[in-house]
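Data first, discussion second: the structure below is written as C-alpha coordinates.
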Amino acid sequence: MPELPEVETTRRGLAMQLEGRKIARIEARRPDLRWPLPRDFAARIQGRRVLGLERRAKYILIRLENGPGQGDLIWLIHLGMSGRMLLRPGGWPNAIGKHDHVIFTTDAGWSVTFNDARRFGAMDLIEPGELASHKLLRDLGPEPLDDAFTPAALIAALKGRRTPMKSALLDQSVVAGLGNIYVSEALFRAGIHPERLAGCVSPKRLQRLVPEIKQVLLEAIAAGGSSLRDYVQSDGELGYFQTFFRVYGHEGDPCPACGRPVRRIVQAGRSTFFCAACQT
DNA sequence: CGCGCTCCCTGGCCGC
DNA sequence: TGCGGCCAGGGAGCGC
(Lines give C-alpha, C1' and ligand atoms only; values in the text may rest on other atoms or scores of the structure.)
Protein backbone atom coordinates (compact mmCIF):
# COMPACT_ATOMS: atom_id res chain seq x y z
CA MET A 1 0.00 0.00 0.00
CA PRO A 2 2.76 2.31 -0.76
CA GLU A 3 2.20 6.02 -0.86
CA LEU A 4 4.74 8.43 0.55
CA PRO A 5 4.32 7.46 4.24
CA GLU A 6 4.63 3.74 3.54
CA VAL A 7 7.63 4.28 1.28
CA GLU A 8 9.27 6.45 3.91
CA THR A 9 8.58 3.84 6.59
CA THR A 10 10.10 1.17 4.35
CA ARG A 11 13.13 3.37 3.66
CA ARG A 12 13.75 3.83 7.35
CA GLY A 13 13.42 0.13 8.06
CA LEU A 14 15.86 -0.75 5.30
CA ALA A 15 18.30 1.98 6.28
CA MET A 16 18.74 0.50 9.74
CA GLN A 17 20.19 -2.71 8.33
CA LEU A 18 21.70 -1.57 5.04
CA GLU A 19 23.59 1.64 5.71
CA GLY A 20 27.30 0.98 5.78
CA ARG A 21 26.88 -2.67 4.81
CA LYS A 22 28.00 -4.38 1.64
CA ILE A 23 25.57 -6.27 -0.58
CA ALA A 24 27.02 -9.76 -0.24
CA ARG A 25 24.85 -11.59 -2.73
CA ILE A 26 21.95 -10.53 -4.91
CA GLU A 27 19.72 -12.44 -7.27
CA ALA A 28 17.00 -11.22 -9.61
CA ARG A 29 14.68 -14.15 -10.04
CA ARG A 30 13.12 -12.80 -13.22
CA PRO A 31 14.48 -10.45 -15.86
CA ASP A 32 11.73 -7.87 -15.47
CA LEU A 33 9.41 -6.22 -13.01
CA ARG A 34 7.25 -3.55 -14.59
CA TRP A 35 10.07 -3.02 -17.09
CA PRO A 36 13.15 -5.05 -17.88
CA LEU A 37 15.82 -4.74 -15.23
CA PRO A 38 18.94 -2.92 -16.43
CA ARG A 39 21.74 -4.86 -18.05
CA ASP A 40 23.90 -6.76 -15.55
CA PHE A 41 21.63 -5.57 -12.75
CA ALA A 42 22.69 -8.04 -10.07
CA ALA A 43 26.35 -8.08 -11.04
CA ARG A 44 26.54 -4.31 -10.82
CA ILE A 45 25.14 -4.24 -7.28
CA GLN A 46 26.83 -7.26 -5.77
CA GLY A 47 29.80 -6.43 -3.55
CA ARG A 48 29.07 -2.71 -3.33
CA ARG A 49 28.73 -0.83 -0.08
CA VAL A 50 25.51 1.01 0.73
CA LEU A 51 26.30 4.63 1.53
CA GLY A 52 22.77 5.72 2.35
CA LEU A 53 19.08 5.52 1.54
CA GLU A 54 17.04 8.45 0.36
CA ARG A 55 13.49 8.92 -0.85
CA ARG A 56 12.11 11.02 -3.67
CA ALA A 57 8.32 10.95 -4.02
CA LYS A 58 7.46 7.23 -3.88
CA TYR A 59 10.92 6.13 -5.00
CA ILE A 60 13.54 4.67 -2.69
CA LEU A 61 17.06 5.60 -3.76
CA ILE A 62 19.90 3.44 -2.48
CA ARG A 63 23.27 5.13 -2.85
CA LEU A 64 26.01 2.63 -3.70
CA GLU A 65 29.75 3.17 -3.48
CA ASN A 66 31.22 3.33 -6.94
CA GLY A 67 34.98 3.46 -6.55
CA PRO A 68 37.33 6.36 -5.91
CA GLY A 69 36.84 9.46 -8.02
CA GLN A 70 33.53 8.31 -9.42
CA GLY A 71 30.11 9.50 -8.38
CA ASP A 72 27.75 7.17 -6.58
CA LEU A 73 25.62 4.63 -8.37
CA ILE A 74 21.94 4.98 -7.46
CA TRP A 75 19.70 1.95 -7.14
CA LEU A 76 16.14 3.14 -7.69
CA ILE A 77 13.25 1.11 -6.31
CA HIS A 78 9.54 1.69 -6.75
CA LEU A 79 7.14 -0.52 -4.81
CA GLY A 80 4.28 -0.08 -7.27
CA MET A 81 0.97 -1.10 -5.75
CA SER A 82 1.81 -4.35 -4.05
CA GLY A 83 5.58 -4.28 -3.57
CA ARG A 84 7.04 -5.07 -0.13
CA MET A 85 10.52 -5.34 1.28
CA LEU A 86 10.88 -8.16 3.76
CA LEU A 87 13.90 -7.79 6.02
CA ARG A 88 15.08 -10.82 7.96
CA PRO A 89 18.15 -11.97 9.90
CA GLY A 90 19.91 -15.23 9.19
CA GLY A 91 21.45 -15.05 5.74
CA TRP A 92 19.96 -16.30 2.49
CA PRO A 93 16.26 -17.11 3.08
CA ASN A 94 15.23 -20.74 3.16
CA ALA A 95 11.74 -20.28 1.84
CA ILE A 96 11.31 -18.35 -1.40
CA GLY A 97 7.82 -17.37 -2.47
CA LYS A 98 6.25 -17.16 -5.88
CA HIS A 99 6.42 -13.37 -6.02
CA ASP A 100 9.82 -12.93 -4.40
CA HIS A 101 11.43 -11.25 -7.40
CA VAL A 102 14.68 -9.84 -6.02
CA ILE A 103 16.57 -11.21 -3.03
CA PHE A 104 19.81 -9.97 -1.51
CA THR A 105 21.89 -10.32 1.63
CA THR A 106 24.26 -8.03 3.47
CA ASP A 107 27.69 -8.79 4.84
CA ALA A 108 26.10 -8.63 8.31
CA GLY A 109 23.93 -11.64 7.50
CA TRP A 110 20.54 -10.05 6.87
CA SER A 111 18.38 -10.74 3.85
CA VAL A 112 16.00 -8.49 1.98
CA THR A 113 13.27 -9.91 -0.23
CA PHE A 114 11.40 -7.73 -2.70
CA ASN A 115 7.98 -9.32 -3.08
CA ASP A 116 5.50 -7.88 -5.56
CA ALA A 117 2.49 -9.91 -6.64
CA ARG A 118 1.13 -7.40 -9.14
CA ARG A 119 4.53 -6.52 -10.51
CA PHE A 120 3.83 -2.82 -10.95
CA GLY A 121 7.03 -2.21 -9.04
CA ALA A 122 10.25 -1.21 -10.75
CA MET A 123 14.00 -1.06 -10.25
CA ASP A 124 16.70 0.75 -12.14
CA LEU A 125 20.35 1.72 -11.80
CA ILE A 126 21.18 5.36 -12.31
CA GLU A 127 24.65 6.40 -13.40
CA PRO A 128 26.53 9.09 -11.49
CA GLY A 129 25.25 12.53 -12.43
CA GLU A 130 22.12 11.28 -14.15
CA LEU A 131 19.80 11.40 -11.17
CA ALA A 132 18.19 14.75 -11.94
CA SER A 133 17.60 13.90 -15.58
CA HIS A 134 16.27 10.40 -14.99
CA LYS A 135 13.03 9.80 -16.83
CA LEU A 136 11.12 8.77 -13.71
CA LEU A 137 12.39 11.65 -11.55
CA ARG A 138 12.87 14.69 -13.74
CA ASP A 139 9.23 15.84 -13.88
CA LEU A 140 8.40 15.35 -10.23
CA GLY A 141 7.03 18.32 -8.32
CA PRO A 142 8.10 19.39 -4.84
CA GLU A 143 8.32 17.03 -1.92
CA PRO A 144 5.23 17.77 0.18
CA LEU A 145 7.25 17.79 3.41
CA ASP A 146 9.89 20.16 2.06
CA ASP A 147 9.84 23.82 3.01
CA ALA A 148 9.68 24.52 -0.72
CA PHE A 149 6.15 23.13 -0.79
CA THR A 150 4.35 26.29 0.22
CA PRO A 151 0.84 27.61 -0.43
CA ALA A 152 2.35 29.98 -2.99
CA ALA A 153 3.96 27.05 -4.82
CA LEU A 154 0.73 25.07 -4.86
CA ILE A 155 -1.32 28.07 -5.99
CA ALA A 156 1.10 28.57 -8.88
CA ALA A 157 1.05 24.90 -9.84
CA LEU A 158 -2.75 24.77 -9.95
CA LYS A 159 -3.29 28.07 -11.69
CA GLY A 160 -5.54 27.72 -14.72
CA ARG A 161 -5.95 23.98 -14.35
CA ARG A 162 -9.35 22.64 -15.32
CA THR A 163 -8.91 19.26 -13.71
CA PRO A 164 -10.66 18.28 -10.45
CA MET A 165 -8.70 18.76 -7.22
CA LYS A 166 -8.57 15.01 -6.74
CA SER A 167 -6.80 14.49 -10.06
CA ALA A 168 -4.57 17.52 -9.59
CA LEU A 169 -3.18 16.22 -6.30
CA LEU A 170 -2.59 12.78 -7.81
CA ASP A 171 -0.46 14.46 -10.47
CA GLN A 172 3.09 13.89 -9.30
CA SER A 173 4.31 17.02 -11.07
CA VAL A 174 2.09 19.18 -8.82
CA VAL A 175 3.26 17.58 -5.58
CA ALA A 176 5.23 14.35 -5.42
CA GLY A 177 4.23 11.44 -3.25
CA LEU A 178 0.50 11.64 -2.62
CA GLY A 179 -1.58 8.71 -3.82
CA ASN A 180 -5.23 7.83 -3.89
CA ILE A 181 -5.61 7.45 -0.13
CA TYR A 182 -3.87 10.54 1.13
CA VAL A 183 -5.47 12.76 -1.49
CA SER A 184 -8.89 11.83 -0.09
CA GLU A 185 -7.66 12.31 3.45
CA ALA A 186 -6.01 15.67 2.79
CA LEU A 187 -9.01 17.08 0.92
CA PHE A 188 -11.29 15.98 3.74
CA ARG A 189 -9.12 17.67 6.36
CA ALA A 190 -9.00 20.83 4.29
CA GLY A 191 -12.74 20.86 3.60
CA ILE A 192 -12.30 20.94 -0.17
CA HIS A 193 -14.68 19.06 -2.46
CA PRO A 194 -12.71 16.62 -4.65
CA GLU A 195 -14.63 17.60 -7.80
CA ARG A 196 -13.89 21.29 -7.48
CA LEU A 197 -11.74 22.43 -10.40
CA ALA A 198 -8.18 22.99 -9.26
CA GLY A 199 -7.74 26.36 -10.92
CA CYS A 200 -10.90 27.69 -9.27
CA VAL A 201 -10.11 26.91 -5.63
CA SER A 202 -9.49 30.12 -3.73
CA PRO A 203 -5.95 30.89 -2.55
CA LYS A 204 -7.29 31.03 0.97
CA ARG A 205 -8.43 27.43 0.82
CA LEU A 206 -5.19 26.24 -0.79
CA GLN A 207 -3.41 28.04 2.03
CA ARG A 208 -5.18 25.68 4.39
CA LEU A 209 -4.65 22.60 2.21
CA VAL A 210 -0.85 22.73 2.29
CA PRO A 211 -0.47 22.33 6.08
CA GLU A 212 -3.18 19.65 6.06
CA ILE A 213 -1.20 17.65 3.48
CA LYS A 214 1.94 17.93 5.56
CA GLN A 215 0.08 17.03 8.73
CA VAL A 216 -1.62 13.91 7.39
CA LEU A 217 1.65 12.63 5.93
CA LEU A 218 3.58 13.28 9.14
CA GLU A 219 0.92 11.54 11.21
CA ALA A 220 0.93 8.54 8.87
CA ILE A 221 4.72 8.30 8.95
CA ALA A 222 4.62 8.47 12.74
CA ALA A 223 2.01 5.71 12.81
CA GLY A 224 4.13 3.55 10.50
CA GLY A 225 7.34 4.32 12.32
CA SER A 226 5.85 3.40 15.64
CA SER A 227 5.17 -0.09 14.35
CA LEU A 228 8.67 -0.56 12.93
CA ARG A 229 10.39 -3.69 14.13
CA ASP A 230 13.95 -4.15 13.15
CA TYR A 231 13.22 -7.22 11.12
CA VAL A 232 9.52 -7.72 10.43
CA GLN A 233 9.07 -5.23 7.67
CA SER A 234 6.38 -2.66 7.92
CA ASP A 235 4.49 -2.31 4.72
CA GLY A 236 1.27 -0.86 5.96
CA GLU A 237 -0.56 -4.17 6.15
CA LEU A 238 -0.28 -4.41 9.90
CA GLY A 239 -3.73 -3.07 10.53
CA TYR A 240 -2.93 0.27 12.05
CA PHE A 241 -4.10 2.19 9.02
CA GLN A 242 -7.76 1.22 9.11
CA THR A 243 -8.33 3.34 12.17
CA PHE A 244 -6.10 6.10 10.85
CA PHE A 245 -8.15 6.95 7.77
CA ARG A 246 -11.05 9.32 8.34
CA VAL A 247 -12.82 8.89 4.99
CA TYR A 248 -10.79 6.53 2.80
CA GLY A 249 -12.50 3.16 2.67
CA HIS A 250 -15.35 4.42 4.85
CA GLU A 251 -18.19 4.64 2.35
CA GLY A 252 -21.48 4.89 4.23
CA ASP A 253 -19.86 5.34 7.62
CA PRO A 254 -20.65 8.54 9.52
CA CYS A 255 -18.37 11.46 8.76
CA PRO A 256 -16.10 11.94 11.78
CA ALA A 257 -16.91 15.65 11.72
CA CYS A 258 -20.65 15.89 11.02
CA GLY A 259 -22.02 12.35 11.11
CA ARG A 260 -23.47 12.32 7.61
CA PRO A 261 -22.52 9.28 5.54
CA VAL A 262 -19.16 9.33 3.78
CA ARG A 263 -19.62 9.10 0.04
CA ARG A 264 -17.62 7.27 -2.61
CA ILE A 265 -17.36 8.45 -6.20
CA VAL A 266 -15.10 7.42 -9.06
CA GLN A 267 -12.82 10.03 -10.60
CA ALA A 268 -10.46 9.19 -13.44
CA GLY A 269 -11.19 5.55 -12.76
CA ARG A 270 -10.28 5.61 -9.07
CA SER A 271 -12.29 5.79 -5.88
CA THR A 272 -12.58 9.05 -4.02
CA PHE A 273 -14.07 9.24 -0.52
CA PHE A 274 -15.41 12.48 0.91
CA CYS A 275 -18.11 14.17 2.97
CA ALA A 276 -20.49 16.17 0.81
CA ALA A 277 -21.44 18.36 3.78
CA CYS A 278 -17.98 19.19 5.11
CA GLN A 279 -16.23 19.49 1.75
CA THR A 280 -17.44 22.28 -0.50
C1' DC B 1 -0.66 21.06 -24.23
C1' DG B 2 -3.91 19.39 -20.87
C1' DC B 3 -6.98 16.15 -19.82
C1' DG B 4 -9.40 11.42 -19.11
C1' DC B 5 -9.33 6.63 -20.16
C1' DT B 6 -7.24 2.19 -20.57
C1' DC B 7 -4.15 -0.99 -19.51
C1' DC B 8 -0.16 -3.49 -17.37
C1' DC B 9 -0.57 -8.09 -13.59
C1' DT B 10 -2.23 -10.90 -9.87
C1' DG B 11 -4.83 -11.94 -5.83
C1' DG B 12 -8.54 -11.39 -2.55
C1' DC B 13 -13.17 -11.02 -1.65
C1' DC B 14 -18.12 -11.21 -2.48
C1' DG B 15 -22.26 -13.17 -4.21
C1' DC B 16 -24.45 -16.85 -6.53
C1' DT C 1 -16.40 -25.44 -3.18
C1' DG C 2 -16.17 -23.36 -7.54
C1' DC C 3 -16.58 -19.70 -10.48
C1' DG C 4 -17.38 -15.15 -12.40
C1' DG C 5 -17.17 -10.40 -11.51
C1' DC C 6 -15.31 -6.66 -9.27
C1' DC C 7 -11.92 -4.24 -6.71
C1' DA C 8 -7.13 -2.66 -5.47
C1' DG C 9 -3.09 2.22 -2.85
C1' DG C 10 0.76 3.59 -9.46
C1' DG C 11 1.58 5.62 -13.46
C1' DA C 12 2.88 5.40 -18.62
C1' DG C 13 0.92 6.01 -22.95
C1' DC C 14 -2.47 7.21 -26.04
C1' DG C 15 -6.27 9.66 -28.19
C1' DC C 16 -9.24 13.56 -28.15
Side-chain angles (χ1 to χ4, degrees), chain A residues 1-10 29-37 55-60 76-85 97-102 114-124 134-141 144 156-188 194-200 213 216-217 219-221 223-224 233-252 264-274:
Chain A
M1 44 167 49
E3 296 185 32
L4 187 152
E6 295 76 30
V7 175
E8 176 61 19
T9 300
T10 300
R29 306 190 62 254
R30 52 177 306 140
D32 62 309
L33 295 171
R34 177 170 187 158
W35 299 293
L37 290 166
R55 181 189 54 73
R56 175 76 173 106
K58 299 169 196 169
Y59 297 93
I60 292 170
L76 172 146
I77 300 173
H78 195 289
L79 301 176
M81 279 171 64
S82 56
R84 296 177 299 162
M85 288 287 189
K98 185 178 172 190
H99 302 297
D100 293 346
H101 302 312
V102 177
F114 174 74
N115 176 283
D116 183 13
R118 291 182 70 187
R119 224 174 347 109
F120 286 2
M123 293 193 189
D124 199 8
H134 191 275
K135 191 177 180 228
L136 296 172
L137 304 177
R138 67 186 177 207
D139 296 325
L140 292 171
L158 297 183
K159 187 170 183 191
R161 295 201 51 167
R162 308 286 304 164
T163 195
M165 275 304 286
K166 163 69 187 302
S167 307
L169 293 182
L170 275 181
D171 183 340
Q172 302 295 296
S173 71
V174 170
V175 55
L178 295 181
N180 209 38
I181 293 180
Y182 292 100
V183 167
S184 278
E185 294 295 309
L187 288 173
F188 172 72
E195 292 180 310
R196 190 170 277 273
L197 294 186
C200 303
I213 289 172
V216 71
L217 294 176
E219 286 178 21
I221 291 169
Q233 187 46 40
S234 50
D235 55 32
E237 291 185 333
L238 300 180
Y240 53 85
F241 282 104
Q242 275 90 340
T243 53
F244 181 85
F245 303 137
R246 297 185 187 171
V247 288
Y248 187 85
H250 287 290
E251 182 181 17
R264 183 179 84 95
I265 56 174
V266 174
Q267 293 179 280
R270 332 220 15 204
S271 292
T272 304
F273 297 86
F274 71 107

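Order of the sequence lines fixes the chain letters, A, B, ..., with proteins taken first and strands second; residue numbering starts at 1 for each chain.
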- prompt: For A:Asp32 and A:Arg34, what are the C-alpha separation, side-chain angles and deciding distance, and is it a salt bridge (charged side-chain N to carboxylate O under 4.0 Å, His left out)?
  reply: CA-CA 6 Å; A:Asp32 62 309; A:Arg34 177 170 187 158; over 6 Å; no

Heavy-atom donor-acceptor pair, [X] side chain to [Y] backbone, under 3.5 Å:
X: A:Arg264; Y: A:Val266; result: no
X: A:Gln267; Y: A:Ser167; result: no
X: A:Glu6; Y: A:Glu3; result: yes

field: ring centroid sep under 5.5 Å plus plane angle under 30, A:Phe120 with C:dG10
entry: yes

Just the rounded figure in Å: distance from [atom2] of [N] to [atom1] of [X].
X: A:Tyr59; N: C:dA12; atom1: OH; atom2: P; result: 5 Å
X: A:Met81; N: C:dG11; atom1: CE; atom2: P; result: 10 Å
X: A:Asp139; N: B:dC1; atom1: CG; atom2: C1'; result: 14 Å
X: A:Asp171; N: B:dG2; atom1: CG; atom2: C1'; result: 10 Å
X: A:Arg30; N: B:dC8; atom1: CZ; atom2: P; result: 15 Å
X: A:Arg84; N: C:dG10; atom1: CZ; atom2: P; result: 17 Å
X: A:Leu76; N: C:dG10; atom1: CG; atom2: C1'; result: 14 Å
X: A:Arg34; N: B:dC9; atom1: CZ; atom2: P; result: 10 Å

With a non-hydrogen cut-off below 4.0 angstrom, is [X] in contact with a base, only sugar-phosphate, or nothing?
X: A:Gln172; answer: sugar-phosphate
X: A:Arg270; answer: base
X: A:Arg161; answer: sugar-phosphate
X: A:Leu79; answer: nothing

query: Will you find, in the side chains of A:Asn180 and A:Lys166, an N or O donor that is under 3.5 Å from an N or O acceptor?
result: yes

task: Would you kindly say whether A:Ser82 and A:Asp116 are connected by a side-chain donor-acceptor distance under 3.5 Å?
output: yes

Between [options], spot the one nearest the side chain of [X], thanks.
X: A:Lys135; options: C:dA12, B:dG11, B:dC3; answer: C:dA12
X: A:Ser271; options: B:dG11, C:dA8, C:dG10; answer: C:dA8
X: A:Arg119; options: B:dT10, C:dA8, C:dG11; answer: B:dT10

Any [X] side-chain nitrogen or oxygen under 4.0 Å from OP1 or OP2 of [N]:
X: A:Ser82; N: C:dA8; answer: no
X: A:Lys98; N: B:dT10; answer: no
X: A:Thr163; N: B:dG4; answer: yes
X: A:His99; N: B:dC9; answer: no

Whichever of A:Leu136 and A:Phe273 has its nearest DNA chain C nucleotide further upstream toward 5': A:Phe273

message: Which label fits A:His101 and A:Phe114: parallel for a plane angle under 30°, tilted from 30 to 60°, or perpendicular past 60°?
response: tilted

- prompt: Would one find more than 12 heavy atoms of other residues, nucleotides or ligands at under 6.0 Å from atom CZ of A:Arg162?
  reply: no

query: What about A:Arg118, does its side chain sit under 3.5 Å from the base of B:dC9 through a donor-acceptor pair?
result: yes

field: Range-with-range stems for DNA chain C, at least three Watson-Crick or G-U pairs under 3.5 Å
entry: B:2-8 with C:10-16, B:10-16 with C:2-8

Atom P, compared across C:dC3 and B:dC9: separation rounded to whole Å: 23 Å

